[in-house]
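For reference, positions follow the sequence shown, starting with 1. Since the structure is predicted, the reported quantities are computational estimates derived from the model, not experimental observations.
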Amino acid sequence: MRTLIIAEAGVNHNGSPELARQLVDAAAAAGVDYVKFQTFQADKLVTRTARQAAYQSRNLGHGEESQYTMLKRLELSADDHHALVSHCQARGVGFLSTPFDLSSIDFLASPPIRLSFWKVPSGEVTNFPYLRAIGRTGKPVVLSTGMATLDEIEAAIDVLTRFGTPRNGITLLHCTTEYPAPKDQVNLRAMQTMHERFGLPVGYSDHTEGIEIPVAAVTMGATVIEKHFTLDRSLPGPDHKASLEPDELKAMVRQIRAVESALGNGIKEPTPAERPNIPIARKSIVAATAIKRGELFTEENLTAKRPGTGLCPMRWESVVGQPAPRNFEPDEPIEL
């Protein structure tokens with residue numbers, strides 16, 4: 001199965017449409033399936049007095065600033081979105097954006113954007129009006145589950161499906177909502193726990209540094225991988241420091257595709273590459289000493305040596321005790 005790879009540009013455009021286009025270029029060059037932005041209106045997303053998260057204050061270096069002031073700088077206009085959709089089409093990469101308020105859901109569901117599926121962020125798992133609006137569109141949903149308990153995830157699934165999301169159209173993304181996420185708090189096995197509990201496809205939204213954790217998630221069954229990326233980690237902004245740079249994004253895609261190829265179909269049998277090596281690596285029953293016709297084959301006058309073009313040594317017990325049908329020289333393959 002081919003893993004869906006979403007490159008999360010998020011707000012790493014810093015409010016610049018030109019920087020956003022460059023992020024699309026970098027994502028397309030890396031070979032991802034989708035490049036994802038964030039669609040919101042600060043007035044409808046956050047109160048004027050809401051404080052920044054600790055990681056935002058740490059990364060921005062001015063913690064006294066409110067979330068509202070920070071987010072207002074990072075908005076993209078409707079025209080910016082339309083231009084990005086066109087640019088994604090020109091570069092051969094899918095456009096995706098996560099809505100963070102009800103009006104943004106309507107905007108992304110309407111022409112000319114009309115998203116084919118939703119990526120719901122972890123912070124909206126407990127937002128009933130938001131989930132209801134997403135459900136009413138009837139489109140598939142990729143649901144991030146950072147900070148959530150299994151009961152909260154179940155409640156979110158219930159709202160989505162009750163209002164129109166097909167249950168078989170939901171994919172759950174395991175996530176640790178911290179930037180960067182400590183690797184000892186990733187708990188990748190929770191992804192498999194969700195699959196066992198809900199019987200739904202699972203994936204992984206990664207906030208760790210580096211690329212080894214999302215690659216490991218693919219080996220554990222992730223069908224979707226989401227990863228933040230930036231053009232330059234030294235740029236100012238809340239998410240740059242926890243993001244991959246373009247060469248790292250390319251490396252992640254390359255390694256995920258290699259792992260997919262290596263996972264195979266699960267059938268244990270000789271592969272086409274192995275078959276020519278079977279007679280070279282395996283052994284046959286051969287004479288350990290000179291054996292005369294009519295002499296009984298014994299543990300002492302037989303041995304197993306390469307190549308494996310004669311009798312398989314797994315037939316040893318049926319050969320020992322049989323009379324030799326002719327004379328055999330040492331190292332000569334035994335025949336019955």
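- Atom CG of residue D25 and atom NE2 of residue H87 lie 3.5 Å apart, to the nearest 0.5 angstrom.
- A salt bridge links K183 to E212: one of the charged nitrogens lies within less than 4.0 Å of a carboxylate oxygen.
- L302 places a side-chain heavy atom less than 4.5 Å from the side chain of I291.
- A salt bridge between E248 and R233 is present, with a side-chain N of the basic residue lying under 4.0 Å from a carboxylate O of the acidic one.
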Test Q192 against E196 for side chain to side chain donor-acceptor pair (under 3.5 Å), laying out the working first.
CA-CA 6 Å; Q192 297 171 318; E196 293 165 3; over 6 Å; no
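- Side-chain polar atoms of D232 and S234 form a donor-acceptor pair below 3.5 angstrom.
- Side-chain atoms of V11 and F40, non-hydrogen and from C-beta on, do get closer than 4.5 Å to each other.
- In the hydrophobic clustering of this structure, L45 does not group with F107; members are Ile, Leu, Val, Met, Phe, Trp, Tyr whose side-chain heavy atoms approach within less than 4.5 Å, directly or through other members.
- Of the charged side-chain nitrogens involved, at least one lies within less than 4.0 Å of a carboxylate oxygen, so that E332 and R326 count as a salt-bridged pair.
- Formation of a donor-acceptor pair under 3.5 Å by the D33 side chain with backbone atoms of G94 is not found in this model.
- Remark: the backbone N or O of A155 is not paired with any side-chain donor or acceptor of D158 at under 3.5 angstrom.
- Side-chain N/O atoms of D80 and S77 include a donor and acceptor closer than 3.5 Å.
- Counting heavy atoms of neighbouring residues, nucleotides and ligands inside a 6.0 Å radius, atom CD of E209 does not exceed 12 of them.
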Test side chain to side chain contact (heavy atoms under 4.5 Å, CB included) on I134 and E124 and set out the steps.
CA-CA 11 Å; I134 291 288; E124 307 301 332; over 6 Å; no
Please lay out, stage by stage, how V125 and M147 fare under the test side chain to side chain contact (heavy atoms under 4.5 Å, CB included).
CA-CA 9 Å; V125 168; M147 308 174 289; over 6 Å; no
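- No close placement of the F95 and H82 rings is indicated, their centers lying 6.0 Å or farther apart.
- With hydrogens and angles disregarded, a donor-acceptor distance shorter than 3.5 Å links the side chain of T98 to the backbone of K119.
- E317 CD: 12 or fewer foreign heavy atoms inside a 6.0 Å radius.
- Counting heavy atoms from C-beta outward, K139 and R114 have side chains that approach closer than 4.5 Å.
- E260 and T3 share a side-chain donor-acceptor pair at under 3.5 Å.
- Formation of a donor-acceptor pair under 3.5 Å by the H81 side chain with backbone atoms of L108 is not found in this model.
- Electrostatic pairing of R254 and D247 does not count as a salt bridge here, judged by no charged N lying under 4.0 Å from a carboxylate O.
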Assess the residue pair E8 and S205 against the criterion (side chain to side chain contact (heavy atoms under 4.5 Å, CB included)); give the C-alpha distance rounded to whole Å, side-chain angles, the decisive distance to 0.1 Å, and a yes or no.
CA-CA 9 Å; E8 167 74 75; S205 179; over 6 Å; no
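- Between the side chain of S284 and the backbone N or O of T309 there is at least one donor-acceptor pair closer than 3.5 Å.
- Cluster membership check: I285 does not share its hydrophobic cluster with L296, using side-chain heavy-atom separations under 4.5 Å among Ile, Leu, Val, Met, Phe, Trp and Tyr.
- The OH atom of Y34 sits 4.0 Å away from atom OG of S116, with the distance rounded to the nearest 0.5 Å.
- Considering every non-hydrogen atom in both T208 and K227, the closest pair reads O-NZ, 2.5 Å.
- The side-chain heavy atoms of H228 and Y179, taken from C-beta on, include a pair separated by under 4.5 Å.
- Under a cut-off of 6.0 angstrom, the local environment of CZ in R275 is crowded, with over 12 non-hydrogen atoms contributed by other residues, nucleotides or ligands.
- There is no side-chain donor-acceptor pair under 3.5 Å between T230 and S243.
- Under the 4.5 Å side-chain heavy-atom criterion for grouping Ile, Leu, Val, Met, Phe, Trp and Tyr, V120 is connected to I113 within one hydrophobic cluster.
- Annotation: side chain of R197 is not in contact with side chain of I153 (no heavy-atom distance under 4.5 Å).
- Residues L231 and L23 meet the side-chain proximity criterion, which asks for heavy atoms closer than 4.5 Å.
- Using a 4.5 Å cut-off on side-chain heavy atoms (C-beta onward), I211 and L244 make contact.
- The hydrophobic clustering, which links ILVMFWY residues whose side-chain heavy atoms are closer than 4.5 Å, places V141 and F100 apart.
- Of the N and O atoms on the side chains of N14 and S16, not one donor lies less than 3.5 Å from an acceptor on the other residue.
- Residues A273 and N277 share a closest heavy-atom pair of O-ND2, 3.6 Å.
- A continuous path of ILVMFWY side-chain contacts below 4.5 Å connects Y204 to M220, so both sit in one hydrophobic cluster.
- The two residues I105 and A133 have their closest heavy-atom pair at CD1-CB, 3.9 Å.
- For the pair L84 and S97, the minimum side-chain heavy-atom distance is 4.5 Å or more.
- Taking both residues in full, the closest heavy atoms of A304 and P313 are given as CB-CG, 3.9 Å, listed atom of the first, atom of the second, then distance.
- Between the side chains of T149 and D151, no donor-acceptor pair is found at a separation under 3.5 Å.
- The two residues F297 and A324 make their nearest non-hydrogen contact at CZ-CA, 3.6 Å.
- Across all their heavy atoms, V46 and Y68 have their closest contact at CG1-CA, 3.7 Å.
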Pair V32, V93 - check side chain to side chain contact (heavy atoms under 4.5 Å, CB included), show working.
CA-CA 7 Å; V32 304; V93 65; 3.9 Å; yes
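- The closest donor-acceptor contact from the side chain of T223 to the backbone of V202 lies under 3.5 Å.
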